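Data block below; observations after.
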Amino acid sequence: MPALEAELTVPPATHSRFAGSIHFDFGVIPGGYAWLFPKKNHLSAGILARGRQAKKLQPNLLHYLENNGLSRETDIRSIRLHPIPCRPHRRNRYADSRGLIVGDGTGLVDPVTGEGIYYALKSAHIAALALKRHLKHGRPLALYDRMLKREIEPEVLRADVLARILYGCPTISNHMLRRYGDKIGAKHVAVYLGDLTYQELYAYVLSLKGFAYLLRPRHKTRRRA
Ligand SMILES: Cc1cc2nc3c(=O)[nH]c(=O)nc-3n(C[C@H](O)[C@H](O)[C@H](O)COP(=O)(O)OP(=O)(O)OC[C@H]3O[C@@H](n4cnc5c(N)ncnc54)[C@H](O)[C@@H]3O)c2cc1C
């Protein structure tokens with residue numbers, strides 16, 4: 001999932017226009033989102049997308065900035081492309097007898113937002129426990145693989161299903177967000193605050209009235225002769 005990030009130097013009046021707000025704008029690009037928020041002396045903006053849209057990040061970011069009134073007055077100080085290694089899969093292996101991997105290397109980043117600091121710290125913490133057990137008690141290093149599959153992977157796999165619905169099925173997700181956007185948004189924030197898990201958010205979204213109907217398998221109807 002590539003992300004294009006820009007740092008913008010803007011006049012103080014423009015900077016204060018964005019003070020105290022963080023924008024996450026879905027729908028700016030199919031399969032992803034754009035962000036815009038102030039840092040101490042400049043603005044940070046960016047865009048990321050899954051799939052084919054990833055080739056169109058730059059024109060979409062410039063268009064997004066223009067829509068936020070950041071065209072002529074903006075000095076783009078730096079613009080950089082970063083890979084976000086978002087590839088959760090049950091068959092991933094995180095350790096063997098020779099070593100273990102942590103952080104972005106595991107592919108365990110949040111598939112909805114591309115954020116990975118929380119999971120990077122969590123995997124590092126689990127790695128430290130696994131190493132301690134290995135060095136002190138001779139437990140196999142490969143146990144780390146099982147610990148990650150229990151502690152982090154289920155969360156990321158559930159989040160990945162939600163991301164696939166959000167980005168891959170815009171008709172369904174637009175319909176659901178129009179109806180339940182406030183509630184889903186509040187629960188998503190609770191996930192970030194650590195008060196809810198992605199597994200609980202997933203169960204909530206699937207329990208919403210009409211959702212199972214929208215996701216039902218559609219049988220092809222035979223064409224009339
Ligand atoms: C534009 C952008 C914005 C992001 N914003 C957020 C955010 O708001 N919140 C969030 O949670 N996540 C965010 N992320 C994701 C987050 O940055 C990563 O998930 C997180 O930094 C992963 O930590 P890490 O330690 O695994 O890897 P990194 O932070 O990438 O650290 C790896 C380090 O290893 C070094 N290194 C690489 N190769 C070698 C080598 N051969 N020898 C020695 N050193 C080496 C690198 O220089 C680097 O310092 C963002 C990512 C991008 C690209």
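For ligands, and for the atoms within them, numbers begin at 1 and follow the listed sequence. Computed from a predicted structure; not experimentally measured.
Taking a 6.0 Å sphere around NE2 of His82, one finds it holds more than 12 heavy atoms contributed by other residues, nucleotides or ligands.
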**Study point:** Trace of the ring-ring contact (aromatic ring centres under 6.0 Å, His included) decision for His125 with Tyr119
**Key:** CA-CA 10 Å; His125 181 73; Tyr119 294 122; over 10 Å; no
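Between Asp110 and Tyr118, the side chains place no donor N or O within less than 3.5 Å of an acceptor N or O (distance only, hydrogens not considered).
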Name every donor-acceptor pair, under 3.5 Å, that has one atom in a side chain of residues 133-147 and the other anywhere in the protein, sequence neighbours excluded.
{"unit_1": "His134", "atom_1": "ND1", "unit_2": "Arg139", "atom_2": "O", "d": "2.7"}
{"unit_1": "Tyr144", "atom_1": "OH", "unit_2": "Ile101", "atom_2": "O", "d": "2.7"}
{"unit_1": "Asp145", "atom_1": "OD1", "unit_2": "Tyr94", "atom_2": "N", "d": "2.7"}

Report, one line per pair, each donor and acceptor closer than 3.5 Å where one atom sits in a side chain of residues 25-48; sequence neighbours left out.
{"unit_1": "Asp25", "atom_1": "OD2", "unit_2": "Tyr64", "atom_2": "OH", "d": "2.5"}
{"unit_1": "Tyr33", "atom_1": "OH", "unit_2": "Thr113", "atom_2": "O", "d": "2.6"}
{"unit_1": "His42", "atom_1": "ND1", "unit_2": "Arg77", "atom_2": "NH2", "d": "3.4"}

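For residues 174-202, the set of pairs meeting the salt bridge (charged side-chain N to carboxylate O under 4.0 Å, His left out) definition, not counting sequence neighbours, is empty.
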Write none if no such pair exists; otherwise list each N/O atom of ligand 1 with its protein N/O partner under 3.5 Å and the distance.
{"unit_1": "ligand 1", "atom_1": "11 (O)", "unit_2": "Gly116", "atom_2": "N", "d": "3.3"}
{"unit_1": "ligand 1", "atom_1": "11 (O)", "unit_2": "Ile117", "atom_2": "N", "d": "3.0"}
{"unit_1": "ligand 1", "atom_1": "12 (N)", "unit_2": "Gly116", "atom_2": "N", "d": "3.0"}
{"unit_1": "ligand 1", "atom_1": "19 (O)", "unit_2": "Asp104", "atom_2": "OD1", "d": "2.7"}
{"unit_1": "ligand 1", "atom_1": "19 (O)", "unit_2": "Gly116", "atom_2": "N", "d": "3.4"}
{"unit_1": "ligand 1", "atom_1": "26 (O)", "unit_2": "Asp104", "atom_2": "N", "d": "2.7"}

